[in-house]
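Single-structure report; data block below.
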Amino acid sequence: MEPAVAYNICPIHATINVLGKKWTILILRDIALRKINRFNQIKRSLPGITSRVLILRLQELEKTGYIRPDLIKDKPRVVEWQLTEKGLDTIPVLLSILEFGVKWCADDVFEDHKPRTMKELYPSLYENTESVRFQSTES
């Protein structure tokens, strides 16, 4: 498949340069989908991540425009990480990965090893049909 417009670097490659780093997608998942947005909350939600790596990933996500800090309190310093417009645009990507995982990685994801649909997993997302952002490709 050839693009109609030439590009310098494959858009998938450019995206993976940031989002493909270890822990990055899970950090975005926490902020975007789980509403876990403080440093220590994120660290607790990701067993195995070191403080140093979490700081690096948060800095990278901020530098590349996916998240921004929201200063809640100055002393002691309390920051909540918020998605930017660019970060919000990762939500459909995260949901696609989630949808793929519940269908094709069911052996690892569920005790009963039974694949699920997004509608089965998150029925409340489908109650409001006006919510286009969270609708999947399933019928």
Side-chain angles (χ1 to χ4, degrees):
M1 180 167 71
E2 288 294 318
V5 178
Y7 42 72
N8 294 326
I9 184 174
C10 169
I12 294 172
H13 186 167
T15 302
I16 294 301
N17 277 339
V18 175
L19 300 184
K21 292 182 180 173
K22 188 173 182 180
W23 303 109
T24 301
I25 288 286
L26 296 175
I27 292 166
L28 283 172
R29 174 211 57 192
D30 282 356
I31 296 169
L33 304 178
R34 300 173 76 196
K35 306 304 179 208
I36 297 172
N37 57 5
R38 291 188 183 182
F39 182 88
N40 285 327
Q41 293 172 336
I42 296 169
K43 190 166 183 319
R44 277 192 301 274
S45 78
L46 300 173
I49 194 170
T50 64
S51 294
R52 181 181 173 278
V53 170
L54 179 54
I55 289 167
L56 286 172
R57 294 300 176 264
L58 290 169
Q59 288 173 340
E60 290 167 352
L61 286 167
E62 181 182 8
K63 181 181 175 187
T64 53
Y66 289 90
I67 61 173
R68 65 173 173 74
D70 188 10
L71 184 63
I72 302 301
K73 194 166 127 183
D74 198 25
K75 292 192 185 201
R77 185 172 165 87
V78 178
V79 171
E80 288 185 351
W81 294 96
Q82 305 296 328
L83 296 176
T84 62
E85 182 180 358
K86 185 177 184 179
L88 288 168
D89 277 351
T90 66
I91 291 174
V93 175
L94 296 171
L95 290 173
S96 291
I97 294 169
L98 178 62
E99 186 171 21
F100 182 91
V102 300
K103 180 177 181 181
W104 295 107
C105 302
D107 284 344
D108 296 323
V109 173
F110 302 111
E111 281 187 28
D112 65 3
H113 310 286
K114 178 185 168 198
R116 306 292 200 287
T117 64
M118 289 292 282
K119 193 169 186 175
E120 288 173 295
L121 204 58
Y122 298 104
S124 62
L125 293 178
Y126 296 86
E127 290 172 4
N128 181 1
T129 56
E130 294 174 13
S131 179
V132 175
R133 181 173 287 272
F134 292 109
Q135 288 181 354
S136 72
T137 56
E138 60 189 54
S139 45

* Asked: Is a side-chain N or O of Thr24 found less than 3.5 angstrom from the main chain of Gly20, in a donor-acceptor match?
  -> no
* Kindly say whether Arg38 contributes a backbone atom to a donor-acceptor pair with the side chain of Lys43 at under 3.5 angstrom? => no
* Structure fact -> Closest heavy-atom pair, Tyr7 versus Cys10, reported as atoms and distance to 0.1 Å, is CE1-CA, 3.4 Å
* Can you tell if the side chain of Leu94 reaches within under 4.5 Å of the side chain of Glu99, non-hydrogen atoms only? -> no
* To do: Enter the distance from Ile91:CD1 to Ser96:OG here, rounded to the nearest 0.5 Å.
  => 12.0 Å
* Asked: Looking only at heavy atoms, what is the nearest atom pair of Asn17 and Lys21, with distance?
  -> O-CE, 3.3 Å
Show the atom names and distances, to 0.1 Å, of all donor-acceptor pairs under 3.5 Å that link a side chain in residues 104-115 to residues at least two apart or in another chain.
residue: Asp112; atom: OD1; partner: Lys114; partner atom: N; Å: 3.0
residue: Asp112; atom: OD1; partner: Arg116; partner atom: NH1; Å: 3.1
residue: Asp112; atom: OD2; partner: Arg116; partner atom: NH2; Å: 3.0
residue: His113; atom: ND1; partner: Asp107; partner atom: O; Å: 3.0
residue: His113; atom: NE2; partner: Glu111; partner atom: O; Å: 3.4

* Asked: How long is the gap from CD on Glu60 to CD1 on Ile27, to the nearest 0.5 Å?
  -> 8.5 Å
* To do: Check step by step if side-chain contact (heavy atoms from CB on, under 4.5 Å) holds for Leu95 and Met118.
  => CA-CA 9 Å; Leu95 290 173; Met118 289 292 282; 3.9 Å; yes
* Non-hydrogen side-chain atoms of Ile67 and Leu28 separated by less than 4.5 Å -> yes
* So Leu83 and Tyr66, side-chain contact (heavy atoms from CB on, under 4.5 Å) or not? Walk me through it. -> CA-CA 6 Å; Leu83 296 176; Tyr66 289 90; 5.8 Å; no
* Asked: Which heavy atom in Ala32 sits nearest to a heavy atom in Lys35, and how many Å separate them?
  -> O-NZ, 2.9 Å
* If you draw a 6.0 Å radius around CD1 in Ile12, do more than 12 non-hydrogen atoms from other residues or ligands fall strictly inside? -> no
* Asked: Are any of the side-chain heavy atoms of Pro76 and Lys73 separated by less than 4.5 Å?
  -> yes
* Going from CG on Asp30 to CZ on Arg44, what distance comes out if it is rounded to the nearest 0.5 angstrom? -> 11.5 Å
* State the CG-CG distance between Leu98 and Leu33, to the nearest 0.5 angstrom. => 7.5 Å
* Asked: Are Leu26 and Leu121 joined in one hydrophobic group, where the rule is that I, L, V, M, F, W and Y side chains link up if heavy atoms are under 4.5 Å apart?
  -> yes
* Structure fact -> When rounded to the nearest 0.5 Å, the distance separating CG of Leu61 from CG of Leu56 is 11.0 Å
* **In one Ile/Leu/Val/Met/Phe/Trp/Tyr side-chain cluster, 4.5 Å: Leu71, Trp81** => yes
* Answer with yes or no whether the hydrophobic clustering places Val53 together with Ile16; edges join I, L, V, M, F, W, Y residues whose side-chain heavy atoms lie under 4.5 Å apart. => no
* Structure fact -> Taken to the nearest 0.5 Å, the spacing of Glu80 CD from Asn37 CG works out to 4.0 Å
* Asked: Does Thr90 reach the main-chain N or O of Val93 with its side chain, forming a donor-acceptor pair under 3.5 Å?
  -> no
* To do: Work out which heavy atom in Thr64 is nearest to a heavy atom in Lys86; give both atom names and the distance.
  => O-NZ, 2.6 Å
* **Test item: Leu54 and Phe39 side chains (from C-beta on) under 4.5 Å apart, heavy atoms** => yes
* Decide whether Ile55 and Ile25 are clustered together by the hydrophobic rule: side chain heavy atoms of Ile, Leu, Val, Met, Phe, Trp, Tyr closer than 4.5 Å, transitively. => yes
